[in-house]
Amino acid sequence: MLELPKAYDAKIAQSKWLKFWNEKGYFHADPAKPGEPYAIVIPPPNVTGALHMGHALNNTLQDVLIRWRRMQGYNALWMPGTDHAGIATQAVVERLIFNTEKKTRRDLGRDALVEKIWQWKDKYEKRILGQLQEMGASCDWQRTRFTLDDTCAKAVRETFFRMFRDGYIYRGKRLVNWDAQLQTSVADDETYTEDTKGGFWTFKYPVVGQPETFIRFSTTRPETMLGDTALCVHPSDERYKHLIGQKVLQPLVNREIPIIADGLLADPELGTGCVKVTPAHDPNDYACWQRNPQIGILNILNPDGTINVNGGPYAGLARDKAREAVVKAMDELGLFEGKEDRVIPLKYSDRSKTPIEPYLSDQWFVKMSDFEPTPHRAGDVSPPSDADANRVTRGADAPRSEKPGLAQMAIDAVKDGRVQFFPKRYENSYLDWLGEKRDWCVSRQLWWGHRIPVWHARITCTTPHQVVASFFQDGLIEDLSLGSDNDVAVCKVVRSSDGELITDFVAEAKRVDDIVRKNEDQDTADVPLPEPVSYDIYICSLSDEWAKSHIPPVFTQDEDVLDTWFSSALWPHSTLGWPEETPELKRYYPTSTLVTSRDIITLWVARMVMTGLYNTGEVPFKHVVIHPKIMDGFGEGMSKSKGNGVDPLDIIELYGADAMRFGVVSLATETQDSRLPVSNVCPHCGTLIPQKKEHQSGRTRQIVCPGDKPAGVTCGKPFRPSGPWLDEDPELPTAKGASDRFEMGRNFANKLWNATRFILMNLEGYTNAPLDPKALPTEDRWILSRLATTAKAVTDALNAYRFSEVTRLVYDFAWNEFCDWYIEMSKGRRTDPACQRVLVGVLDGIVRLIGPVMPFLAESLWQALNEVAPTRGLLESKPAEESACIAAWPNDLGVFIDDTTEGSIARMQDLVRGVREIRNRYILDKTPLDLSVKCNDVVAMELNALAPFVKLLGGIATFACGPAVKKPKQSGSIVRPDFEAYVPLAGLIDNATESKKIEKEITQKQKLLDVTVAKLGNENFVKGAPPEVVEQQRNSLVELETQLKTLRANLAELQGT
RNA sequence: GGGCGUGUAACUCAACGGCUAGAGUGCCUCCCUUACAAGGAGGAAGUUGGGGGUUCGAAUCCCUCCACGCCCACCA
């Protein structure tokens, strides 16, 4: 017989089976092999980040699904990989280089910096993938991708090219969130808003031509006054009506600006009712300018956040200095009216933690709204003139134009069910966000990323002749194949002055000609020469090689890289080899399930659907599973700076990978958040000390391991709580974060380990044969029925992505039914072949059911079982699979389901529990005790059949049953109503206490009886409720009456009456 | 302001219109019974946030109030 160690050793199991699985190659998906495909692409973790509990949850859930489908016989692919995470990674490496070498990125240069980031990436990618492996993730590691690798780059290039060609990508001036520190634009979602101490200044501008007339306005950002191009009031505001159309003087830069009326911008209730308009530095003002283009737009900032030449005398000043100077100057002019301190919500950049500056700059956009793209020609390489139209038609339910745009395509896919969300409510965030159809700014002023494959030149023509010469006679455009079917490059030409896309060059040449001719016709000596005309020429090329040999040197490649999400958006098809028609793409696309968290539903999920549909015509995945976010015990997000984070690797170290996985799967409910109370682990003795709020964010410098516990349990030594510490402190070691919630999984693993150990020790002479339920004793039928019911429930839960239910179901069945009851009952039947087969068969089933969640444990038990019982099976006898990874999922056990037997055993359990309660409450010594039990015929038969139960009563009671047991006439005996056992208790109990207890019970039962009587007396209930509910109420009425009778008799006996 | 969610035992969560609202942890009592003390047996502990309503029947559905969380928008 196989003798296993006394406890489950997670570490040994992990190293052993990881190696075994790798060697066997179970996780490699081969498109040539049979089986219904089931594919998941991993949400690629950021290469620079360490894995946190969110990753642990996210990846464990994917692994559960993949392992489960693999066991079901699917051809299962889990595609792993990492994300280059543009801004985050570059920022980290830049900071590192600055800290170590005191060099900025400009000192290094583009190539050197990118080279350094690649080195960094190689190192951290290895680490992060290794961590995933340690968690047991059964990814197809041979296929590991990176969003910047050649395969992905090819897909990115192809997508950009097609979008450029088809007019989905355009160049536009836009107000972007400018990070003046990193000197890049950042997306809305890469910013956060924080209440910040600021001010609310009130100034006045003098009205031109009306001495002593001023108009007052307030602002939170005085420095932007340099860029004011108007003052704005509400059209119906009586106070200012007469001033609309007048001008005021901006005294600092000596510019006259108009007073305009705009009901959307000005709110008469707010401040003075008059607001300054700075289109280039405020999103609302920008919108106002779009409605009132005549006021003009003036950018006053340099990319580094200092004031530019438009700021006149303030040029060169940093923003805060400019603010001081402007206020001072206004004050000196007597135009400053006062300042109020105010807390202002200010946007910050997530990466550099510096304030965001709304900044006007040239960016590349992907058009989201509906339009009619004309391939190869009419791309919209201009600022959108339809901004207002967008606003009117926004919303997922807005009327559709003929040709749905990217956003609409993605909306439709969810609305018609091609993509389904679990839980369904998350569809809302997706649809609402896409419904806005806001264009997507895809350029980033970074070096780390996919470089934008567009070459640009500006050609300025001083004579119309030159235009013609440049465009036609030199043959430049023809060569570049504008409008032809060139599939390597596309060229677009834009008139610089107004951004008009030029598609008809003959017409354009004629237009310029006409202007010149008009000038010549005037025939005066001092005719001004025609204004020079400039054209911006953009060439997008699919291939760098082609670009090198074909694009004239006057063109330069765009310096920017693409938003990280651009490559992430392609992930489901790019990783499978698109645009090549690979076998993988054909077999696994569309993928099956995407598992992610709710905060990237818009950023990532929506964009994957869009690009998937655009590139392949098919949705990227059918199901989107959104799992909760893991919070600490106070419901707050985990973060490094708070120090309330838990490292999954520490959990693996402390409790094992199976326990970690079991824990996080248990947390995966359908709620938004899950709480995981965090403890500090004493670095000296390992005791877990629950984290308090004051321990967070470095507010507590020192914790002393509690000394009031027994010696040896805690050590009483001081340490530093887990937190944002930058340095090591030799005196005070820093605690790790952990959580005792993972004990549940560890204990469960050990329980199963020991159940297996017990079974394997008792398999002397084991042979296997199929089991016929009809020929088996009650308890065997019962446990097989419970196994079948559990297996079905687990399968249902997985199908519906109710993960926490999976762990709960298996835990309850394995521990509370199999171990606590069936194994105990089996102890009287050690050599019974049927019992051995049931033990092995049920254990085998449990191992399969827990396999997806606890793969290391499952494999350990599986291999042990294979040694002793290599041939097994409940319905047919066959050799077991060589690994739990590829063991068949139990889904054909329905024949064992037997409700009658489950009911009998449930009654028996009640009875046994009742006896145990009496023993525990009253019989503290081990005096053997005669216990007579009277029960009805059905129970009696069951009990006779289940004779070994007597042992469950503790081995000190005798157990008599049958129809004719008389109540012993013995003073001090007590009858428990729920099982009618007569227990002699003379001298063992305190009559007063017990009387009280019984009185309380009588009150409760009487109340319940009254309710039941009332119910049954209610005609509506008898008619309206389902018959089985009525029947059950009738039964419980009879039962309650008996119970009350018994209780009253007990009470009378106790009180000696 | 708009949307989504949460509130059940001391803590973390189940229960999704129907048996006396259940687990795990913690707490109390007993037990190292040869699978397991990372264990076994039992116990105490709940006005299901408050208030209305619908229903024969509500933790569950509706209304309302309170508290909390997340997302989006706005805040000169």
Side-chain angles (χ1 to χ4, degrees), chain A residues 4 6-8 188 200-202 217-221 224 232 265-267 270-278 282 284-285 342 344-345 425-426 428-429 432-433 436 598-599 601-602 629 631 633 635-637 655 659 666-667 669-677 690 739-741 743-744 746-762 804-805 808 811-812 816 819-820 823-824 827 913 916-921 923-926 951-955 1004-1005 1007-1008 1011-1012 1014-1026 1028-1030 1032-1033 1035-1036 1040:
Chain A
L4 297 176
K6 228 176 156 179
Y8 174 55
D188 284 341
F200 190 68
W201 287 265
T202 301
F217 59 91
S218 302
T219 178
T220 55
R221 300 175 60 209
T224 64
C232 176
L265 183 66
D267 177 355
L270 223 54
T272 66
C274 173
V275 55
K276 65 200 249 342
V277 187
T278 321
D282 182 279
N284 296 310
D285 295 2
R342 213 180 245 204
I344 294 162
R425 63 171 183 277
Y426 288 110
N428 291 334
S429 343
D432 288 352
W433 185 80
E436 302 244 334
R598 65 174 183 278
D599 45 350
I601 289 174
T602 55
K629 205 171 164 180
M631 307 297 211
E636 291 179 23
Y655 301 102
S666 306
L667 288 174
T669 59
E670 297 198 351
T671 53
Q672 279 195 156
D673 304 323
S674 291
R675 289 186 184 198
L676 183 68
S739 176
D740 56 12
R741 304 286 139 160
E743 283 178 11
M744 195 178 178
R746 180 199 56 184
N747 295 353
F748 183 49
N750 194 51
K751 186 73 182 178
L752 286 181
W753 173 266
N754 276 292
T756 305
R757 189 166 161 253
F758 171 79
I759 291 169
L760 295 184
M761 285 186 332
N762 290 287
S804 66
E805 215 174 295
R808 198 164 41 79
Y811 183 94
D812 286 350
N816 301 336
C819 291
D820 286 354
I823 290 187
E824 291 307 322
K827 283 180 178 169
R913 274 193 275 259
R916 286 169 176 172
E917 184 191 334
I918 296 256
R919 288 197 54 247
N920 261 303
R921 265 171 57 197
I923 308 164
L924 306 184
D925 60 18
K926 287 182 163 187
K951 291 219 163 77
L952 301 184
L953 298 173
Q1004 279 175 357
K1005 300 245 157 149
K1007 225 188 207 165
L1008 194 64
V1011 170
T1012 313
K1015 260 189 183 173
L1016 287 167
N1018 185 325
E1019 230 177 275
N1020 286 327
F1021 171 71
V1022 178
K1023 278 191 209 153
E1028 64 269 22
V1029 174
V1030 178
Q1032 164 215 313
Q1033 286 294 316
N1035 291 341
S1036 98
L1040 278 168

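Being a predicted model, the structure only gives us computed values, none of them experimental. Just so it is clear: chains get the letters A, B, ... in the order the sequence lines come, proteins before strands, and each one is counted from 1. Both backbone and side-chain heavy atoms feed into the values below; hydrogens, waters and symmetry mates do not.
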Considering every strand and a 4.0 Å limit on heavy-atom distances, what is the contact class for [X]: base, sugar-phosphate, or nothing?
X          : result
Arg746(A)  : base
Cys232(A)  : nothing
Pro1026(A) : base
Gly637(A)  : nothing
Lys827(A)  : base
Ser804(A)  : nothing
Thr278(A)  : nothing

Does [N] have OP1 or OP2 under 4.0 Å away from a side-chain N or O of [X]?
X         : N      : value
Lys6(A)   : C36(B) : yes
Thr671(A) : C13(B) : no
Asn750(A) : G39(B) : no

Worksheet item: Do Glu805(A) and A15(B) have a side chain to base donor-acceptor pair shorter than 3.5 Å?
Response: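 Answer no: no donor N or O sits under 3.5 Å from an acceptor.
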When you get a sec, tell me which of [options] is the closest nucleotide to the side chain of [X]?
X          : options                : answer
Thr669(A)  : A35(B), C56(B), C13(B) : C13(B)
Asn428(A)  : C4(B), A23(B), A35(B)  : C4(B)
Val1029(A) : C36(B), G18(B), G5(B)  : G18(B)
Lys1005(A) : A38(B), U20(B), A35(B) : U20(B)
Lys751(A)  : A35(B), G18(B), C4(B)  : A35(B)
Arg675(A)  : A35(B), U12(B), G24(B) : U12(B)
Met744(A)  : A35(B), G24(B), G18(B) : G24(B)
Arg741(A)  : U20(B), G24(B), C4(B)  : G24(B)
Asp820(A)  : A41(B), C4(B), C36(B)  : A41(B)
Pro677(A)  : C56(B), C11(B), G24(B) : C11(B)

Worksheet item: Got a sec, which residues hit side chain to side chain donor-acceptor pair (under 3.5 Å) with Lys1023(A), two or more places apart in sequence or on another chain?
Response: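 Once residues adjacent in sequence are excluded, the partners of Lys1023(A) under the side chain to side chain donor-acceptor pair (under 3.5 Å) criterion are Glu1019(A).
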Worksheet item: Can you tell me how far C1' of A23(B) sits from OH of Tyr811(A), to the nearest Å?
Response: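 So the two atoms are 9 Å apart, to the nearest Å.
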For [N], which nucleotide in any strand shown is its Watson-Crick or wobble partner with both distances under 3.5 Å?
N      : result
G69(B) : C4(B)
U25(B) : A10(B)
G18(B) : C56(B)
U33(B) : none

Fill in: Side-chain heavy-atom pair Lys6(A), Trp753(A) within 4.5 angstrom cut-off
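Not in contact.
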Worksheet item: Got Lys827(A) and Phe758(A) here, is their nearest side-chain heavy-atom distance under 4.5 Å?
Response: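 Yes, side chains in contact.
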Worksheet item: How do Asn1020(A) and Asn284(A) order along RNA chain B: which one's closest nucleotide is nearer the 5' end?
Response: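 That would be Asn1020(A).
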Worksheet item: With a 4.0 Å cut-off, would you call Asp673(A) and Arg598(A) a salt bridge?
Response: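 Salt bridge between Asp673(A) and Arg598(A), a charged N being under 4.0 Å from a carboxylate O: yes.
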Worksheet item: Between Asn284(A) and Val277(A), does a side chain to side chain contact (heavy atoms under 4.5 Å, CB included) hold up when you go through it step by step?
Response: CA-CA 9 Å; Asn284(A) 296 310; Val277(A) 187; over 6 Å; no
